[in-house]
Amino acid sequence: MKKLTWFSASIILFFLITITSCKKSTKSAKSQKTTENTVNKKWWKEAVVYQIYPRSFQDTDGDGIGDLKGITSRLDYVKSLGVDIIWLNPIYASPNADNGYDISNYDAIMKEFGTMKDFDTMLSEMHKRGLKLVMDLVVNHSSDQHEWFKQSRSSRTNPYRNYYHWWPAEKGTPPFRPCAFDEDGSAWKYDKLTNSYYLHYFSYKQPDLNWENPKVRQEIYAMMNRWLKKGVDGFRMDVIPFISKDTTFPVITKKILKEKFNGSWGQYFASGPHLHEYLQEMNKEVLSKYDVMSLAEGAGTTLKTAMDFVDPARHELDMSYHFDGVSLGYLPNQFKQMDPNGYKLTEFKKVYSDWDKVFEKKGWGTIYLGNHDQPRMVTRWGNDSEEFRAISSKMLSTFLLTMRGTPYYYFGDELGMSNIKFNDIKDYRDIETISMYKRTEDKGGDLHYFLEGQKISARDNGRTPFQWDASENAGFTTGIPWIKINKNENEINVVSEENNPDSPLNYFKKLVQLRKNNKDVLVYGSYKLLDKNNPNVYAYTRTSGNQKMLILLNFKAIEATANTGLDLSNATVLLSNYSNAKVSQKLQPYEALVLALK
Ligand code: TEU
């Protein structure tokens with residue numbers, strides 16, 4: 001008996017020691033891994049999002065405008081990329097002052113894009129292929145053609161009056177607020193009918209909804225619930241940080257703007273008093289009821305404020321995207337005019353490293369270099385010359401697919417589509433470029449200089465039709481396209497790239513698979529910037545447990561060498577945009593190297 005007791009005691013002791021030491025080692029493993037954001041794995045963290053600009057993807061009825069049937073007809077192509085989620089720019093009824101960002105009916109489909117039946121078919125065909133659909137949600141403002149606004153404007157006593165922000169003219173001129181898209185630059189538009197001004201942060205055709213009115217919020221939540229019940233998988237929320245307003249509309253002097261908001265109107269707009277209260281309410285009444293994803297267009301958010309939107313403990317949104325990266329390289333106080341010296345890679349690295357740090361332990365980040373508000377990524381961040389276009393676009397895709405945070409990849413970038421660079425203002429369709437042109441003209445500014453700048457920065461560069469093949473109109477339409485098609489369609493198109501094993505398209509597919517096959521390290525693993533002052537090379541590691549990858553990206557058209565201080569003697573090449581790539585810190589122009597480290 002004594003023996004047995006001693007025996008059992010030693011067994012128990014053995015187990016205790018083993019358990020404690022196991023606990024200790026998991027603890028120390030955990031503490032080594034503090035920068036690995038592994039808490040709470042989610043499908044939307046592991047996904048690659050593919051953004052489609054519906055107006056320019058595929059036309060099926062010959063009106064020169066893409067449509068929903070067109071998207072449905074091309075889903076096998078989207079699936080072949082390996083991506084998981086499709087984000088569609090707004091497809092709701094709209095007079096198209098700002099290409100669908102001015103919605104006249106949230107429950108109807110834009111007539112150029114098709115019908116609700118087309119939508120239902122498209123959604124079910126996406127789901128059949130395992131693709132999810134994220135809709136654009138534009139609720140900071142509606143169209144001035146929305147029934148709510150028509151009612152609101154009709155009289156001061158109309159029940160919809162408080163759906164928008166009105167300032168009675170007898171109180172004098174309202175305190176200045178800037179708007180993005182109108183020639184006079186003011187966010188207050190005088191409306192004679194009721195002798196009042198209404199607020200619009202974008203164009204006067206996009207009046208801001210009054211979120212301070214609980215009825216407005218309930219209408220919006222009900223509408224969101226209707227779409228989610230239909231089966232959509234989430235929302236990208238347009239300028240959502242701007243929804244709450246201080247309705248006393250205090251005077252904002254230059255001094256206040258500078259001291260409180262870093263001189264940025266965007267930061268002021270994103271600082272409404274009840275913003276987070278409303279997002280929490282929206283989460284409770286809508287988002288929390290479904291397994292869906294939500295993404296804030298984080299206009300005006302900063303390194304300091306971003307976490308408030310996506311901290312899981314706050315129950316607001318899942319992800320947000322910042323503007324610090326895409327704002328680099330512009331000259332100050334001009335209409336999106338690029339600095340002739342380009343952008344500094346060291347600043348670029350700092351922005352993306354600082355933002356990675358924000359979501360190091362909780363929340364979740366995103367990564368993008370192009371979207372419908374940006375020019376083509378290869379022109380803006382790479383090199384669109386004949387010699388370097390393909391190679392530099394592959395290098396940029398390598399960056400997007402090897403960073404932490406969900407990649408938002410813009411349609412056509414997988415082909416290496418580049419800016420169209422219009423010479424003539426008449427070719428532009430975008431309200432932003434057209435109004436900035438008029439403002440420049442009114443001020444007697446240099447229009448040639450303005451147009452040269454737009455060749456690099458204008459949003460329409462990213463909105464030209466997708467290039468399917470080398471036929472007339474690139475296989476996009478049989479009619480006259482709503483905006484011109486890039487002349488490089490003969491070379492840059494799906495058919496020719498599918499047939500070329502070295503094409504940007506085939507390289508993109510490999511990158512997606514690399515990310516999918518290495519989720520621990522490439523999705524969740526920690527990120528560390530190396531050789532931070534190197535002006536040419538972006539070098540970083542991604543690490544998960546014993547698995548480590550080194551990513552070397554030469555952002556320049558010259559040979560460049562990374563000094564990572566790492567021993568590469570046992571490293572192997574996992575992927576590169578050069579077929580002759582070898583393990584080396586010396587890189588060819590725009591070379592991208594993904595190495596496994598032992
Ligand atoms: O963009 C909001 C936004 O912040 C824009 O001012 C953006 O910075 C600008 O387009 C850059 O040139 C969203 C949409 O993404 C955009 O397409 C809309 O025009 C805008 O809201 C109004 O809805």
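Keep in mind that the numbers below use all heavy atoms, side chains included, and drop hydrogens, waters and symmetry copies. Order of listing sets the numbers, starting from 1, for every ligand and every atom in it.
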Q) Between Tyr101 and His372, how do the two ring planes meet: parallel, tilted or perpendicular, split at 30° and 60°? A) parallel
Q) With under 30° as parallel and over 60° as perpendicular, where do the rings of Tyr197 and Trp188 fit, or are they tilted in between? A) perpendicular
Q) Trp355 ring centre to Lys350 NZ or CZ under 6.0 Å, with the angle to the axis within 45°? A) no
Q: Select one of side chain, backbone, both or neither to describe which atoms of Met436 lie under 4.0 Å from any atom of ligand 1, heavy atoms only.
A: neither
Please could you name the atoms of ligand 1 that [X] approaches to less than 4.0 Å, counting only its heavy atoms?
X      : answer
Asp98  : 18 (C), 19 (O), 20 (C), 22 (C), 23 (O)
Phe181 : 19 (O)
His141 : 22 (C), 23 (O)
Arg459 : 9 (C), 10 (O), 12 (O), 16 (C), 17 (O), 18 (C), 19 (O)
Lys336 : 11 (C), 12 (O)

Q) Any luck finding a side-chain donor-acceptor pair between Trp44 and Ser294 under 3.5 Å? A) no
Quick one: does [X] get within less than 4.0 Å of ligand 1, heavy atoms only?
X      : answer
Met237 : no
Gln374 : no
Phe323 : yes

Q: Name the option, out of Asn140, Asp238, Asn99, Asn89, that contains the heavy atom nearest to atom 23 (O) of ligand 1.
A: Asp238
Q.
Nearest 0.5 Å, please: how far is OH in Tyr53 from OG1 in Thr464?
A. 11.0 Å
Q: Decide side chain to side chain donor-acceptor pair (under 3.5 Å) for Glu219 and Tyr163; before the verdict, give the C-alpha distance in whole Å, the side-chain angles of both, and the deciding distance to 0.1 Å.
A: CA-CA 10 Å; Glu219 297 255 24; Tyr163 271 47; 2.6 Å; yes
Which residue and atom name correspond to the protein heavy atom nearest [atom], and how close is it?
atom                   : answer
atom 5 (C) of ligand 1 : Phe202 CE2, 4.1 Å
atom 7 (C) of ligand 1 : Asp373 OD2, 4.0 Å
atom 3 (C) of ligand 1 : Glu297 OE2, 3.7 Å

Q: Would you mind telling me which of Lys421, Lys484, Lys455, Arg463 makes a salt bridge (charged side-chain N to carboxylate O under 4.0 Å, His left out) with Asp427?
A: Lys484
Q) Of Tyr164, Tyr204, Tyr160, which is the lone residue that meets ring pair (Phe, Tyr, Trp, His ring centres under 6.0 Å) with Phe149? A) Tyr164
Q. Passes side chain to side chain donor-acceptor pair (under 3.5 Å), Tyr437 versus Glu183? Steps please.
A. CA-CA 9 Å; Tyr437 182 88; Glu183 284 142 73; over 6 Å; no
